[in-house]
Amino acid sequence: MALTKVQSALTNTGIANVLDYGAVGDGSTNDSAAILAATVASNNVVFPAGNYLVSTNFTFPADTQGVFYEGAKITVDTGAAITWNGSIKAGDYQQIFDGDLVQSAFISGQHTPYTLGLVGSPKIAYSTPFWFGAAADYDPVGDTGTDDKDAIVAAQYFGLTTKIPTGIYKTSGNIVEKRSNAYIYGNGGSSRIYQRGTGPSGTGQACGISCSGLATGVVDTTIENIWVDCDALTNENMAGMGGDVTGFMKRCKIDILGGKAGRSVATIQGPAAVTDCYIRVVADEGSTEASSTRFAATIENSTGTPADVTRNKIDVVIKEGAVSGAQLYDVEDCEINFLCGTLVGDPALGAGTLARIRGTGIGNKITAKADTITGHLLSSDANQSYFVVDAQCESVIADGSDVVEPFVVNGSHGEISLTMKTHLDTGGGVISGSYITGDITAESSNTTSPVIDFQGSYNQITPFVKGTGCTSGVILFRGTANKLIGGFVERGSGLKGVRFAASSANGVCSGVTVIGDGAEAIRVETGVTKPTITGNTLIGTTPTIVVIASSGYTGVIANNANDTGTPSGKIMRLGAYSLWVDATGDLRILSGDTASDTGGVVVGTQA
């Protein structure tokens, strides 16, 4: 047999060939003693082609290298174990170990969650599943091929670094890493792993890092540059991190490609303390489970303290569709960036929300974009504060009457940027929180509800909205001290543009361009307290500002260009009084509205 490069390099350096020390290599004779004797004789131990059965436990020394010729492998007998602390010379695609390699089911609460036939601290750059018998022969079309689960597990827990070479692997389990400083990597989209069976109970990730039950936690572990698919299996996430209350996790990372997800594409979960972790996934298809609590990308801690899950980030791109988008739930200072084609949710089940900030939290951020949503653009809860949301969608479509509001913004001190070019339903967007700022771009085809309904207080929005069929106003002021600053509002002919309802107080509409013909470009109703309507521009045929004032009316209306109401848009409303300059230049004042340019009392003349 011709010498390999490895053999040639060792020819004159003093080697121990296991055959010279009594090994048989027939797969049935116990060669443990012969291998051990070779390690005593030399720190370069050669295994020629053959099958070397190990039935007796032994340790391969740390200062010794095992060199495997093509066709050489060690078979671990049932219940036996080799503690391998030395180095290895073998090809990436070469099988060098066989037999009883994975000797137990998944064991929760351990850094190494299996009983293995090969243990120790090998001095290797990496291991590969092929060393342990992986076939990588899966045909995803015909669903045929070898189950490489045990080979992947044995490689993963042999040393801290595992390389997944190019190949198409089938596994009935998960890749679940529970050790610190572990590193699993491949060749990107050419290292493909198909999960075709539900993984160990309590894991739920096709590719995951778990700290469940680990008092010492998991730190600085990375999985990257592989491709995974979990075949839309129930409760199987494509990539995930987290654990129960006994564990913790820091600075871990998953950066992979994927096919189909089951529940989530990417998830980081408490109640374990999870901080400074990151997941990025580019997937073909998103989640398939329809529920108000299941999202394609989620960072959540529903049973723990929000501060325990903090400073984590997920980036997800889904090439086709998903059921729901991005969710932050009972966490702090976390971020999700999410992009997909279509959210095909079931609004009756609460599914189909593009961006969801849920429960209690502070300092969270979501940037999300989709082409079409059957569901909601944004929903944020009352106990969220100082959050940032940028949510964009071409079209929000309701399923019957299930979706009433395309967005509901609750909480406080939030910063939003919402884009919804078309909304097909009877409901309008609601801002029910306080101190919410930002901009909203929206077009609504509904015929009843406003595009923006201010129900909270102290909010400030720049609108770019069109609601040509909104009979109750394109924008509705309720609550206290809400503001429209700048932007534009387009209404239908003769319909209300900006409407101050009786329950509003201290509202401001300033610098807004209101487009549309006829009266009620801006409408102030009886019972409104101290509105400020200044510096707006009305565009259309005979647009007007209409004030339906009670005797206790207070507020300021001034400097609104193109208001064609009497007297010629020059009126300034100061509380219960109208103040204007008539055609001759005299300054006039009148309690209530004026019907003519010459009404009221002259209180001043031009010099």
Side-chain angles (χ1 to χ4, degrees), residues 345 347-348 350 352-356 372-380 382 389 391-411 416 418-434 436 438-457 459 461-480 482-484 487-504 507 509 512 514-516 518-525 527-528 546 548:
T353 301
L354 178 60
R356 178 83 163 95
T372 302
I373 301 170
T374 302
H376 301 267
L377 185 69
L378 165 64
S379 179
S380 62
V389 176
Q392 302 180 36
C393 181
E394 292 289 329
S395 180
V396 178
I397 303 172
D399 180 10
S401 60
D402 293 325
V403 178
V404 178
E405 303 93 0
F407 58 86
V408 177
V409 187
N410 213 328
I416 63 172
L418 307 182
T419 299
M420 179 182 68
K421 292 189 177 178
T422 304
H423 170 228
L424 305 175
D425 195 33
T426 59
V430 174
I431 300 177
S432 52
S434 58
I436 307 297
D439 60 86
I440 296 176
T441 301
E443 178 179 341
S444 176
S445 64
N446 73 58
T447 58
T448 53
S449 301
V451 179
I452 302 173
D453 185 351
F454 283 109
Q455 296 183 10
S457 300
N459 303 297
I461 297 296
T462 298
F464 303 92
V465 299
K466 180 179 181 181
T468 54
C470 297
T471 57
S472 59
V474 181
I475 295 179
L476 176 61
F477 274 83
R478 297 190 276 185
T480 301
N482 293 301
K483 296 180 180 180
L484 286 183
F488 71 83
V489 175
E490 184 173 350
R491 62 190 176 114
S493 179
L495 298 181
K496 305 171 187 69
V498 178
R499 175 188 167 202
F500 289 78
S503 58
S504 69
C509 179
V512 180
V514 183
I515 304 169
E520 300 192 327
I522 301 174
R523 174 187 171 98
V524 181
E525 298 181 349
V528 174
V546 173
I548 304 173

Q: Answer whether the closest heavy-atom distance between the side chains of Pro463 and Ile440 falls below 4.5 Å.
A: no
Q. Who pairs with Ala519 by side-chain contact (heavy atoms from CB on, under 4.5 Å), at least two apart in sequence or on another chain?
A. Thr544, Val546
Q: Mind running side chain to side chain contact (heavy atoms under 4.5 Å, CB included) on Val498 and Val474 for me, showing each step along the way?
A: CA-CA 6 Å; Val498 178; Val474 181; over 6 Å; no
Q. Which distance, rounded to the nearest 0.5 Å, do you find between the OG of Ser449 and the CG of Leu476?
A. 9.5 Å
(Q) Which residues pass the side-chain contact (heavy atoms from CB on, under 4.5 Å) test with Thr419, not counting sequence neighbours? (A) Gln392, Lys421, Thr441
Q) Under a 4.5 Å cut-off applied to non-hydrogen side-chain atoms, are Ile416 and Ile461 in contact? A) yes
Q: Could you pull out the closest heavy-atom pair between Pro450 and Cys470, with the gap in Å?
A: CA-SG, 4.5 Å
**Q.** Val489 vs Ile515 side-chain heavy atoms within contact, under 4.5 Å
**A.** no
(Q) Closer than 3.5 angstrom, by distance alone: can the side chain of Arg356 be matched with the main-chain N or O of Leu378 as a donor-acceptor pair? (A) no
Q. Closest approach of Val389 and Ala355, non-hydrogen atoms and distance?
A. CG1-CB, 4.1 Å
Q) Among all residues two or more places apart in sequence or in another chain, which pass the ring pair (Phe, Tyr, Trp, His ring centres under 6.0 Å) test with Phe407? A) none
(Q) Nearest 0.5 Å, please: how far is CD1 in Ile431 from CD1 in Ile452? (A) 5.5 Å
Q. Could you state the interatomic distance from CD (Gln455) to OG (Ser503), rounded to the nearest 0.5 Å?
A. 9.0 Å
Q) Which residues pass the side-chain contact (heavy atoms from CB on, under 4.5 Å) test with Thr462, sequence neighbours left out? A) Asp439, Phe464
Q) CZ of Phe477 to SG of Cys509: how many Å apart, nearest 0.5 Å? A) 5.5 Å
**Q.** Under 3.5 Å donor-acceptor, Ser380 side chain and Asn410 backbone
**A.** yes
Q. If you round to the nearest 0.5 Å, how far is SG of Cys393 from NE2 of His376?
A. 13.0 Å
(Q) Looking at every non-hydrogen atom in both residues, tell me the closest pair between Ser379 and Thr353 and how far apart they are. (A) N-CG2, 4.2 Å
(Q) If you compare all heavy atoms of Leu354 against all heavy atoms of Leu377, which two are closest, and at what distance to 0.1 Å? (A) CB-O, 3.4 Å
Q: For Ala501 and Val528, work out which heavy atoms get closest and say how close.
A: O-CG2, 3.1 Å
Q | Pairwise side chain to side chain donor-acceptor pair (under 3.5 Å) hits with a residue in residues 488-497, at least two apart | A | none
Q.
Just to verify, what does Asn482 make a side-chain hydrogen bond (donor to acceptor under 3.5 Å, both in side chains) with, not counting sequence neighbours?
A. Asn459
Q) Is there side-chain contact between Ser472 and Arg499, with heavy atoms separated by less than 4.5 Å? A) yes
Q: May I ask you to test the Val430-Val409 pair for a side-chain heavy-atom distance under 4.5 Å?
A: no
Q: Return the set of residues passing side-chain hydrogen bond (donor to acceptor under 3.5 Å, both in side chains) with Arg478 (not counting sequence neighbours), or none when no residue passes.
A: Asp453
